[in-house]
Amino acid sequence: LYYLGRIRTIQLEYTDAKDSLLQAARKAPAKARGFRIQCNKWASIVRLLLGEIPERTTFMQPGMKNALKPYFELTNVIFLFFTFRFICIN
């Protein structure tokens, strides 16, 4: 599922890619931390490309906080941009 998600991302099929990557992260054993980190990195990028904001709980999972920090910061910047844009429109 992980590689299928990556392939679909490259083929610009983001909705299917997100589903595959999230399913791969859910099915991964707890001991496979590196694999789960990679799944969450790709899933975060795909969600941002879809215009979604990933949940903060994804970035706060034990053992993933440091590895996903750049993606968390990118998500925060995009969230602040959307919020600022919404405030300026209203």
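Below, each value reflects all heavy atoms present in this structure, side chains not excepted, and no hydrogens, waters or symmetry copies. Residue numbers run from 1 in the order of the sequence given.
Taking hydrophobic clusters as Ile, Leu, Val, Met, Phe, Trp and Tyr residues chained together by side-chain heavy-atom distances below 4.5 Å, Y71 does not share a cluster with F79. Note on M64 and F35: same hydrophobic cluster, where clusters join Ile, Leu, Val, Met, Phe, Trp and Tyr whose side-chain heavy atoms are under 4.5 Å apart, directly or indirectly. Clustering ILVMFWY residues whenever any of their side-chain heavy atoms sit less than 4.5 angstrom apart, transitively, puts M60 in a cluster other than the one holding L48. Under a hydrophobic clustering in which Ile, Leu, Val, Met, Phe, Trp and Tyr are joined whenever their side-chain heavy atoms come within less than 4.5 Å, directly or via other members, Y14 and L22 fall into different clusters. L49 and I78 fall into different hydrophobic clusters, where Ile, Leu, Val, Met, Phe, Trp and Tyr side chains are chained together by heavy-atom contacts under 4.5 Å.
We find the NZ-CD distance between K18 and E52 to be 3.5 Å, quoted to the nearest 0.5 Å. One distance of note links OG1 of T58 with CZ of F72; it measures 10.5 Å at 0.5 Å rounding. Remark: N40 CG to I45 CD1 distance equals 11.0 Å, nearest 0.5 Å. A distance of 9.0 Å separates OG1 of T57 from CZ of F59, quoted to the nearest 0.5 Å.
Minimum interatomic distance between D16 and R8 (heavy atoms only, all atoms of both residues): CB-CD, 3.4 Å. A pairwise comparison of heavy atoms in L21 and C39 identifies O-CB, 4.0 Å as the closest pair. Summarising the geometry of R36 relative to P29, their closest heavy-atom pair is CD-O, 3.5 Å, with the distance given to 0.1 Å. Between A67 and K41, the closest heavy-atom pair is O-CE, 3.8 Å. Between T9 and A17, the shortest heavy-atom contact is OG1-CB, 3.3 Å. The two atoms that bring I37 and G63 nearest to each other are CD1-O, 4.0 Å, heavy atoms only.
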side-chain contact (heavy atoms from CB on, under 4.5 Å) evaluation trace for R56 with N76: CA-CA 9 Å; R56 293 177 185 265; N76 281 338; 2.8 Å; yes
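When the shell of 6.0 Å around CZ of R33 is examined, it contains 12 or fewer heavy atoms from other residues, nucleotides or ligands.
By the 4.5 Å heavy-atom criterion applied to side chains, R47 and E55 are counted as neighbours.
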